[in-house]
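Every heavy atom of this structure was used, including side-chain atoms; hydrogens, water molecules and symmetry mates were not.
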Amino acid sequence: MTKILMRGVCVAAIAAAGMCGASAQQMIEPASATPVPGPMPEILRQYTAVTAARLKNPEDGNWLMFRRTFDGWGYSPLGEITPANVSRLQPAWSFATGQTEGHEAPPVVNNGVMFVATPGNQLLALEARTGKVLWRYKRPFPEDMTPLHPTSRGVGLYGDKVYFAAAEAVLVAIDARTGKEAWAAKVDDYKKGYYLSLAPLVIDGKVLLGASGGELGARGFLAAFDAETGRELWRTYTVPAPGEPGSETWPAGGDHYKRGGASIWITGTYDPETNLTFWGTGNGGPWFGDQRPGDNLFTSSVVAFNPGTGQIKGHFQYHPNDSWDWDEVSPPLIVDYRRDGRTVKGLVNVARNGYLWQLERTHDKINFVAGQPYVRQNVFKGLDPRTGRPDVDETRKPGTNKTAEFCPSLWGGKNWPPAAYSPQTRMLYIPANDNLCTQLTGEAPKYVQGERFQGVAKNVLKMVAGADHIGELQAWNLDTGKKVWTTNMPSFNWGPVLATGGGLLFAGGTNDRMFRAFDARTGKILWEFPTGSGVAGVPVSFQVDGKQYVAVQSGWGVDPAKMQTRMNLIFPGQYPDVPQGGTVWVFAVK
Amino acid sequence: MNIENSTRRGFLTVVSVAGLKLALEPIPALAQPASERPKEGDVLVPVESESTNALEPRDIPLGGPPLLAWPMDAADKTVRKDSRLNKILLLRLDPSTLVGATKDRAAEGVVAYSAICPHAGCEVNVWVAEQQTLECSCHYSHYNPREGASVIDGPAPRALAALPLKIVGGKLAVAKPFTGRVGIVAS
């Protein structure tokens, strides 16, 4: 068949130039009638295996996991790019992903090889210095699934494999050198509403992940798979079955737990010292607490797991009996801070419920230390000074056939986009949304497999009258517990934050397509660049051949797009559609 | 999670006992008759009841809201409800307001569309009475039912697949298969 084709080419050449004989001898025939892989690029042949030790102590120039380090800081020590030269930051290269929807994953970098997860069940391997494509992996969706949040938030690395959580609740191990599947393990049944969007976390050869689906009647869990074989090692549900610890906080005799929510959809953190991994959990299902009386452990909580066994070693519930759709899936950052003359081995979380929580980690317990609002919050009348349990204003708590208005909105003071911490400034940086509230009314839902199981009758987004802004970037000193500065943003803010050793912060998050650099000490905007779409991706920094780069995905979709649509109802015409289409952007100082 | 519902009430809030039973049983393979896409000659039965009485145009409220239906084999009464992709929206509209091919696909003003949003696979569950449009409250895609359920705004990549109808013995029946694919886009 190949020869026939070549003869045809020759005829065409005669017609065009009358020199068939000479041309034919110089032609190169395909090696095969079907595509065959080309030679492996040198950079992949030299691929550096990722070890447990490297994950615990990564080289300064690499970004090997969701937030770079197990402590969840989102901090790169690289210091070439500084407030003094950031005005000269320019694109080094960009790469169109070919996908629409929300591009939220960090470009993960291991010694010059970049892995980028995108919507559409796609994983790209790129040369980090040039953007040259090394391989592209795509996995088809089942046509009958419901990925309510069509995005991916990244990959995990270990050995010579890349771990990708495919939307249809399948964990895939991909050979980092070839882009081929090494194994695929079913995590759960997508027909029951489970889907995946988070980056797996790899701890000592175990791949940990949870699943989304709290709005579809799922029961949350954290599970671990063997990194080499894909065998499931353990699974711990975040809603206990009758008789298990915590089950006393659910209605007795019912089957609420089977569809109780508390799903885990953001990557956790890990403390090697206590050998505990901390994961945040989603709200309860259905949405309204009067349909599941009790505190409902372990919804809207941080849960400490032993990564070897899955055993729950402690928890702290940010608020009991959620009725506000306040998932608390952001894991706490592991950071020590000063308090009352001593150093606290700390956990710090910026909660969706509008409170900044400072906790203490121990081997077998999570202790409350302090909590305070960081945005307008009118639901908690106060906190128990010993336990941190909020005193809830019942008039601000919606229920079945009960309407209530509350602030912050159901999207929270901060949603999933991670805060960052810089050991240089000892400040915590929060991408916040203030001045938004929600009016919510519940109804009793009936469960149908695979369909939404929320019980929402009415849901109205509102803005506080007279407010002049929504989005903020805030900086907090964790030793004093005081806010240091606030920079107001031109729209709401959905931008994950990167802090660097050069004294800078990087974030997008607004509806004007901008990606920005801030002075970490003052919050002053020092540089901005308009990308092709909005930026809700996790920014990273890495180094190749001694040069520092900053990378982020641009690609508007999912919740920022929904908020844009909702804001356009409040202010008609002022919040037009933001263009979609994903691009990987990499910047460097020229 | 961040699922914000519409300010307008969804039109699908009730499911049948049969639907709940289905949730507890294994899903049969797609090749099973109860999972196959609607075929020419199928009649339509309401999702909300276990009735196998085929729907007539007068069973659909004029001017909305839509009624959810399953296709049913007219001969052996197999209700094709084992695939959620078979859920159908039925709307009865003034025939003079229907545009282009939608007019030809309608039967006595009743139009039929896939109930599954092609964006993220959610059920299109809101009837916006003021604008006479369909809304998926997961991500706010809006569709014009008078013009082939074309996308008015929102992230949906394409129109809802239409299901051409005819009248057989006074009952609504499927005239042709879905005009396009149903469900989300496979990458």
How long is the span from the [atom1] atom in [X] to the [atom2] atom in [Y], to the nearest 0.5 Å?
X	Y	atom1	atom2	answer
A/Glu215	B/Cys122	CD	SG	10.5 Å
B/Asp153	A/Thr565	CG	OG1	7.5 Å
A/His149	B/Cys138	NE2	SG	8.5 Å
B/Tyr140	A/Asn568	OH	CG	12.5 Å
B/Ile116	A/Glu451	CD1	CD	5.5 Å

Is the shortest side-chain heavy-atom distance between [X] and [Y] below 4.5 Å?
X	Y	answer
A/Pro150	B/His119	yes
A/Glu143	B/Val182	no
B/Arg84	A/Thr146	yes
A/Thr100	B/Pro155	no

Proximal component of [X], with respect to chain B [non-hydrogen, under 4.5 Å]:
X	result
A/Pro119	neither
A/Pro147	both
A/Glu101	side chain

message: So which atom in A/Arg452 and which in B/Ser137 form the shortest heavy-atom distance, rounded to 0.1 Å?
response: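 Reported closest heavy-atom pair: NH1-OG, 2.7 Å.
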- prompt: Are more than 12 heavy atoms from other residues, nucleotides or ligands located less than 6.0 Å from atom CZ of B/Arg158?
  reply: yes
message: Donor-acceptor pair, distance only, cut-off 3.5 Å: does the side chain of B/His139 make one with the backbone of A/Leu148?
response: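 Yes, because the side chain of B/His139 sits within donor-acceptor range (under 3.5 Å) of the backbone of A/Leu148.
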message: For the interface with chain A, which of B/Ala120, B/Gly183, B/Gly121, B/Gly154 has the highest count of heavy-atom pairs at distances below 4.5 Å?
response: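 Greatest number of close heavy-atom pairs with chain A: B/Ala120.
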query: Is a salt bridge present between B/Glu48 and A/Lys446, judged by a nitrogen-to-oxygen distance below 4.0 Å?
result: no
